[in-house]
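Here's the structure we're looking at; comments come further down.
Atom set for the values below is all heavy atoms of this structure, side chains included, hydrogens, waters and symmetry mates excluded. In what follows, every chain begins at residue 1, and chains take the letters A, B, ... in the order their sequences are listed.
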There are 2 protein chains.
Amino acid sequence: MAVQRVDAPTAMNLSVAFKALGDPVRLQLMSMIASAEGGEICVCDLTPAFEVSSSTISHHLKTLREAGLVDAERRASWVYYRPRPALMRQLSTLLSPDA
Amino acid sequence: MAVQRVDAPTAMNLSVAFKALGDPVRLQLMSMIASAEGGEICVCDLTPAFEVSSSTISHHLKTLREAGLVDAERRASWVYYRPRPALMRQLSTLLSPDA
DNA sequence: ACGCGGATTCGACATCCGTCGAGTTTGACA
DNA sequence: TGTCAAACTCGACGGATGTCGAATCCGCGT
């Protein structure tokens with residue numbers, strides 16, 4: 001029950017994603033992105049929701065991007081972030097009791 | 001779709017658990033504990049599965065314990081670890097697409 | 001061409017984190 | 001009581017991480 005066996009290389013890979021979610025700001029960013037109306041959200045809507053500087057938000061978004069959890073697309077002056085469900089589903093399955 | 005909204009205090013709490021899984025050794029420990037025969041596993045069976053020292057394993061197990069992901073019980077000379085499914089299920093649900 | 005606002009990158013800094021070896025605790029058993 | 005093995009704690013060290021402000025990049029509109 002719960003959590004399938006994971007070998008060392010797999011643990012190495014997946015831990016990057018978990019680590020990315022292991023910061024309060026990033027977890028909240030992820031939740032805002034994943035629950036966004038229309039499947040995406042503008043950075044300009046993310047930044048004002050936090051107390052930290054916009055450069056810090058950018059830095060966190062980069063971490064989520066490099067972890068494979070989100071995708072970014074520039075349109076005009078704005079950048080929109082979108083969730084990447086594949087990896088999220090993989091993490092979810094790993095933690096689910098029936099796995 | 002995917003990931004319910006999370007407010008700041010909740011993010012603060014849950015990020016501790018994700019951070020705990022955000023290390024390769026701890027993720028593998030978690031997987032071994034959660035998939036253990038009989039629902040528990042001895043530290044003496046965990047330690048030799050890794051290249052790091054036993055004090056490091058102890059340190060990681062403490063992190064998992066303090067994150068609420070596992071429980072420990074001493075019996076005679078040995079300490080047995082058991083998963084705490086409640087929190088794991090919460091994390092899994094948070095990442096599942098239907099949430 | 002210029003300036004502007006949104007977003008990222010860069011450089012710096014303080015703090016946190018993973019690791020080790022040494023020392024300590026715990027319980028079993030002679 | 002003394003010793004042994006299992007597990008944890010402690011102190012220290014180097015590298016990673018979160019944060020900021022300044023500088024830079026990128027499109028747009030004038």
Give every residue pair that meets the side chain to side chain donor-acceptor pair (under 3.5 Å) criterion with at least one member in residues 61-70 of chain B, sequence neighbours excluded.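 Non-adjacent pairs meeting side chain to side chain donor-acceptor pair (under 3.5 Å): B:Arg65-B:Tyr81.
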
Looking only at side-chain N and O atoms, does [X] come under 4.0 Å of OP1 or OP2 in [N]?
| X | N | result |
| --- | --- | --- |
| B:Thr56 | C:dT19 | no |
| A:Lys19 | C:dC17 | no |
| A:His59 | D:dT17 | no |
| A:Ser55 | D:dC20 | no |
| A:His60 | D:dT19 | yes |

Heavy atoms from C-beta onward define the side chain here; which of D:dG18, C:dA7, D:dT9 lies closest to that of B:Ser58?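 Within the option list, the nearest is D:dT9.
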
Inter-residue atom distance A:Ile33.CD1 - A:Arg26.CZ, 0.5 Å rounding: 12.0 Å

d([atom1], [X]; [atom2], [N]) in whole Å:
| X | N | atom1 | atom2 | value |
| --- | --- | --- | --- | --- |
| A:Arg26 | D:dA16 | CZ | P | 16 Å |
| A:Lys62 | C:dC10 | NZ | C1' | 10 Å |
| A:Glu66 | D:dG18 | CD | C1' | 15 Å |
| A:Ile57 | D:dG21 | CD1 | C1' | 16 Å |
| A:Ile41 | C:dG6 | CD1 | P | 16 Å |

List in numerical order all residues of residues 45-54 of chain B for which some heavy atom is under 4.0 Å away from an atom belonging to DNA chain C. B:Val52, B:Ser53

Could you list by number each residue of residues 72-81 of chain A showing a heavy-atom separation from DNA chain C of less than 4.0 Å, or answer none if no residue does?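 Heavy-atom cutoff 4.0 Å gives A:Arg74, A:Ser77, A:Trp78, A:Val79, A:Tyr81.
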
If only side-chain N and O atoms count, and only distance matters, is there a donor-acceptor pair under 3.5 Å linking B:Ser92 with A:Ser92?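 Yes, B:Ser92 and A:Ser92 have a side-chain donor paired with an acceptor closer than 3.5 Å.
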
Are A:Ser53 and A:Thr56 close enough that a side-chain donor and a side-chain acceptor fall under 3.5 Å?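 Note: A:Ser53 and A:Thr56 side chains meet the donor-acceptor criterion.
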
Measure the shortest side-chain to side-chain distance between B:Glu73 and B:Val79 over non-hydrogen atoms and say whether it is less than 4.5 angstrom. no

Side-chain touch A:Leu91/B:Leu21, heavy atoms, less than 4.5 angstrom: no

Just do the side-chain hydrogen bond (donor to acceptor under 3.5 Å, both in side chains) check on A:Arg5 and B:Ser35 with the steps written out, would you? CA-CA 6 Å; A:Arg5 276 281 173 136; B:Ser35 67; 2.9 Å; yes

Test side-chain hydrogen bond (donor to acceptor under 3.5 Å, both in side chains) applied to B:Asn13 and B:Thr10, step by step: CA-CA 5 Å; B:Asn13 285 327; B:Thr10 305; 5.7 Å; no

I want to check a possible cation-pi pair here: B:Arg75 against B:Tyr80, using under 6.0 Å from ring centre and within 45° of the ring axis as the test. yes

